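In the text below, chain A, chain B and the rest are named by the order of the sequence lines, each starting its count at 1. Worth saying up front: this structure is predicted, and the values here are computed from it rather than measured.
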There are 2 protein chains.
Amino acid sequence: MTIQEPAVARPAGRPRSEKAEKAIIEATLDLLGEGMGVSELSIEAIASRAGVGKTTIYRRWANKEDLVVDALATLKAPLPELSGTSVRDDLISLLDAMRRESAQPRSRCVMNIAMSEADRYPRLTERFVKRAITPRREAMRAVIERGIASGELNPDLDVDMGMALLSGTMLWHTKWAPEGELAPDLAERVVDVVMAGIAPRP
Amino acid sequence: MTIQEPAVARPAGRPRSEKAEKAIIEATLDLLGEGMGVSELSIEAIASRAGVGKTTIYRRWANKEDLVVDALATLKAPLPELSGTSVRDDLISLLDAMRRESAQPRSRCVMNIAMSEADRYPRLTERFVKRAITPRREAMRAVIERGIASGELNPDLDVDMGMALLSGTMLWHTKWAPEGELAPDLAERVVDVVMAGIAPRP
DNA sequence: CCGATACGCAACGGTCCCGTTTCGTAAATA
DNA sequence: TATTTACGAAACGGGACCGTTGCGTATCGG
């Protein structure tokens, strides 16, 4: 008996290039980030951009959708750390993370895909939602529920409605903002007006 | 001098078929409504669906974008009549119109196009915004300003922020609602919670 | 060194769509 | 009737990608 091989015995032959794999995924994200829709994305364009043969792509992914799913999965989703001092501060942190992400072309286009190509690519959307949307949704839900329990929020508030108010308002700004960046204090202003409401405070 | 011809003298030859024109536009809207993006929309598919030769399309429109622009322009935008009794009622009317439109596949897909293909088709988006978005935006703006003036809304309210709150919350619901229809009283609930805010009322 | 596998590259046949042209027919005016 | 234009259908040459294959080279284990 000799020294153990690594847990998984490497098959004979030249190993696959990790560099090529990364280049392919980077090229995919680049093209998507430049505003290309999934349906317009071509394997040949990805291969060309990545400096790679088509063979190298087809050897790893069976179809375009699988590739895009893997590419989107590499977009890390580091949720902002929440201070936990006040519900208002935590909500501002969550919304400000949305604002910062909306400035990155890659995140922007991914959001577009998730929102408008959901019908055509259900698997893709499902995986993206599970990875990127759900954690944020649950984080916000936890903060709101904490606020209700602590008396910082209205005890009669419907949690889903509260999430729609906060997230929807931010989404609206990212979509229809006049071309430029969003105001740095946007998250704070949104949270304050959502909490106070638009009716006059007596 | 003889009897006057119709104001515009009809040129000799067979006149263009209005029926074909309508069929082409209907086919275009159908295909878009079935979830097809503008870039995937092909003239051949439109011609086939409309039961028309490609020639008949190219004779009328120079390119796909012109056709889509004309097709979208036929989607009427009848703003809801506002009772004017209270700002709350008028806001509910406006938001409920959004809810009803979001149930129509054609309107849904048009919204998708406007939101996610805006970069690729600026002319199309510009015209669509001018025709469909701006009138609604201005109607809501007028209601909010009236509310501020009458004391029904907070005098310190930023009008654009108020519009983002109301429209964004509705948009969020239409996008992420669990597959089915939206609750019939959604508009009313949204307006009430936006007005009251989510903080506890003392 | 040898066999095995991956690599980039180029070429393949096939499909879809492009925008144009041709053809025989239909519908209007003069 | 003669002329003019529009119509649907079909075919064209051309381009973009598809997914596959063959080629010569590179890189691994044995």
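- For the 3.5 Å distance criterion, the side chains of Thr85(A) and Asp89(A) qualify, holding a donor opposite an acceptor.
- Salt-bridge annotation for Asp66(B) and Arg123(B): present, with a side-chain N of the basic residue lying under 4.0 Å from a carboxylate O of the acidic one.
- Ser102(A) and Thr174(A) share no donor-acceptor pair across their side chains, judged by distance under 3.5 Å alone.
- Phosphate proximity of dG8(D) to Thr56(B): present, with a side-chain N or O under 4.0 Å from OP1 or OP2.
- Summarising the geometry, the separation between CD on Glu18(B) and P on dA28(C) is reported as 12 Å, rounded to the nearest angstrom.
- Of the residues Glu26(A), Glu44(A), Glu34(A), the one that meets the salt bridge (Lys or Arg N to Asp or Glu O under 4.0 Å) test with Arg49(A) is Glu34(A).
- Below the 3.5 angstrom threshold, one finds no donor paired with an acceptor across the side chain of Arg14(B) and the base of dA28(C).
- Comparing Ser17(A) and Gly13(A) against DNA chain C, the residue whose closest nucleotide sits nearer the 5' end is Gly13(A).
- The closest side-chain heavy-atom distance from Val87(B) to Met195(B) is not below 4.5 Å.
- Under the 4.5 Å side-chain criterion, counting only non-hydrogen atoms from C-beta, Glu21(A) is not in contact with Thr56(A).
- Crowding of Arg108(B) atom CZ: a count of heavy atoms from other residues, nucleotides or ligands under 6.0 Å not exceeding 12.
- For Arg59(A) and dT27(D), the CZ to P distance is 15 Å, given to the nearest whole Å.
- Protein atom CZ of Arg16(A) is 8 Å distant from nucleotide atom C1' of dA6(C), rounded to whole Å.
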| Under the salt bridge (Lys or Arg N to Asp or Glu O under 4.0 Å) criterion, do Asp96(B) and Arg99(B) qualify, and how do the steps go? | CA-CA 5 Å; Asp96(B) 203 52; Arg99(B) 179 188 65 84; 2.8 Å; yes

| task | Encode nucleotides 12-23 of chain D as B, S and - characters from 5' to 3', where the letter depends on protein heavy atoms closer than 4.0 Å: B to the base, S only to sugar-phosphate, - to neither. | result | -----BBBBB--

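- A salt bridge links Glu101(B) and Arg136(B); the closest N-O separation between the charged side-chain nitrogens and carboxylate oxygens is under 4.0 Å.
- Between the CE atom of Met36(B) and the P atom of dC16(C) there is a distance of 13 Å, rounded to whole Å.
- In this structure, NZ of Lys19(B) is placed 10 Å from P of dA27(C), rounded to the nearest angstrom.
- Non-hydrogen atoms lying under 4.0 Å from DNA chain C are contributed by nothing in residues 66-74 of chain A.
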